[in-house]
Amino acid sequence: MTQEHQGGTRGLAAARKGFWSGLRFTSLRLRLVLVFGLVALTAAVSASGIAYWLNREAVLTRTQDAVLRDFEQEMQNRAGALPEHPTQDELQHTAGQMANSSQRFGVLLVAEDADGGAVYGSSGGLGGFALSDVPGPLRTAVNKEQKVTSANKHPYHLYWQRITDDDTPYLVAGTRVIGGGPTGYMLKSLEPEAKDLNSLAWSLGIATGLALLGSALLAQALATTVLKPVHRLGVAARRLGEGKLDTRLRVSGTDELADLSRTFNSAAENLEKRVADMAGREQASRRFVADMSHELRTPLTALTAVTEVLEEELEYAGEGDGEGGSFDPMVEPAVRLVVSETRRLNDLVENLMEVTRFDAGTARLVLDDVDVADQITACIDARAWLDAVELDAERGIHARLDPRRLDVILANLIGNALKHGGSPVRVSVARADDEIVIRVRDNGPGIPEDVLPHVFDRFYKASASRPRSEGSGLGLSIAMENAHIHGGGITAENAPQGGAVFTLRLPQDPSPPADEDAEDTATAAGDGSKGKDAKGQV
């Protein structure tokens, strides 16, 4: 596949993804299009309905008035010329003449012959327009004689009604000849007008659909114009959240979105200044701790040498006649305190330097193929913990780890368990998928629930009433950092049977790969040290 084709495929995929993301139900673009569409649909349907109703009334009224006017005129001119008792042939002939008027409607004439019988004459013959086709209420209204008054000058009037037969609309009307004569009924098909109105309805429907489509396109265009600055703002906010604090928006115009962009730029600039200031302070703090720790190492080296000499003198004096040797019994406790505190100070300085390296990101791994069981055994043996630790680990479980950093982790976990939980401490090793799982369980009362979330915090002491202890409060924190740099982690919990359980999980082949040329900086934590063999580096 060529590079141009790959780029085109990625571009198409990105465009498709952007299109579908823009059509999410929760997207502002879709909501704008829907709102515009609903407004346009409501307006178009309302306008079309009103237009259809007005045109329908106008068409029907115009046709109805013309037909009724023509029928009334024919009734006066032709039906009024018939004799008082016409024959059927006369009625039939007159009905045919009336039907041939300009409006082309069907006619039915009803009269009485000389014997008082009903005589009918229809323009369509015997099978044409019949009296049964006229609604009963209309016949009753036509034949009802009304009282003649000054307001009502005629006893009979013209009445009409619209009916539907087989889905075809009709206009039916009836009246009697003024001054005496036959009764006439008219039937006019309104199918041409109905077709015209249907065509009008289709036209209005198509116009409504086009209006809806046009409003959707217009809404899409407006949404694109309005939401483009919002999209740019969202992209800039994501970049800012990713740590690119130099992100700024291009501001154009004087509307609300432009004001929002200016506000974002101002906030980003202030944030960049504050972060730069905080980073500078943090860097200065780390440099101060590193410089202080480095400067303390020289006098601490001399103090350590002196304390070692004093410690040897104490041991030599203790092997003598029991009178303290050359040390005054009043001075010996002070000497022992100086030796112990010097060792603690040395461990604290080393731990602070290690923490500084982790914070600065300069700590590196020096990986090697390690038999985990052998490494744990070596850690326990170096600190004379063999009698206090029970090891459940099979040989042959190998992993690529940094031996020195693994030793730091194990020394802190096991030493912490011995100091706070008591012996025997049980250490087990297992393989889970691509991980090595090491569990350290003590035999103590466990960790209080309020302390569990903070056991890996720096300088955290479980008892506020005893801020001074043998440890520095950095051991478990350094152990966690060493686990993280391997790509693993440590968890702490209380076992159901009692006692605390620390679980170390390390990948068998850490990533990123080790930097073989980097200086190894793993040093002791100090919290897990115990006895004479645990002084200095763990």
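Computed over heavy atoms, backbone and side chain alike; hydrogens, waters and symmetry mates excluded. Remember, predicted model here, so these are calculated numbers, not experimental data.
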Quick one: side chain to side chain donor-acceptor pair (under 3.5 Å) pairs with a partner in residues 45-57, sequence neighbours left out? Ser48-Thr208

Those residues that, when tested against Gln497, pass side chain to side chain contact (heavy atoms under 4.5 Å, CB included) (two or more places apart): Arg441, Ala495

Contacts of Asn198 meeting side-chain hydrogen bond (donor to acceptor under 3.5 Å, both in side chains) (sequence neighbours excluded), chain-then-number -> none

Rounded to the nearest 0.5 Å, the OG atom of Ser266 sits from the CG atom of Leu271 at a distance of 11.0 Å

Pairing residues for Arg262 by the side-chain hydrogen bond (donor to acceptor under 3.5 Å, both in side chains) criterion, not counting sequence neighbours: Asp259

Asp434 atom CG: more than 12 heavy-atom contacts under 6.0 Å: no

May I have all residue pairs that pass salt bridge (Lys or Arg N to Asp or Glu O under 4.0 Å) and include part of residues 485-508, sequence neighbours excluded? Glu435-Arg505

Sequence neighbours excluded, the answer for side chain to side chain contact (heavy atoms under 4.5 Å, CB included) partners of Ala417 is Val425, Val440, Asp442

Partner set under side chain to side chain contact (heavy atoms under 4.5 Å, CB included) for Glu390, not counting sequence neighbours: Pro424, Arg426

Could you list the residues that satisfy side chain to side chain contact (heavy atoms under 4.5 Å, CB included) with Val235, not counting sequence neighbours? His231, Arg238, Arg239

Applied to residues 267-280, the salt bridge (Lys or Arg N to Asp or Glu O under 4.0 Å) test, sequence neighbours excluded, yields Arg248-Glu272, Glu269-Lys273, Asp277-Arg281

Apply side-chain hydrogen bond (donor to acceptor under 3.5 Å, both in side chains) to Asp457 and list each qualifying residue two or more places apart in sequence or on a separate chain. His454

Just wondering, more than 12 heavy atoms not from Asp167 lying within 6.0 Å of its CG? no

Just jot down the ring-ring contact (aromatic ring centres under 6.0 Å, His included) partners of His484, sequence neighbours excluded, or say none. none

From CD1 (Ile447) to CG (Asn494), nearest 0.5 Å: 5.5 Å

Name every donor-acceptor pair, under 3.5 Å, that has one atom in a side chain of residues 371-379 and the other anywhere in the protein, sequence neighbours excluded.
| unit_1 | atom_1 | unit_2 | atom_2 | d |
| --- | --- | --- | --- | --- |
| Asp371 | OD1 | Ala373 | N | 3.1 |
| Asp371 | OD1 | Asp374 | N | 3.4 |
| Asp371 | OD2 | Gly396 | N | 3.0 |
| Asp374 | OD1 | Arg395 | NH1 | 2.0 |
| Asp374 | OD2 | Arg395 | NH1 | 3.1 |
| Asp374 | OD2 | Arg395 | NH2 | 3.2 |
| Gln375 | NE2 | Pro403 | O | 3.2 |
| Thr377 | OG1 | Ala373 | O | 2.9 |

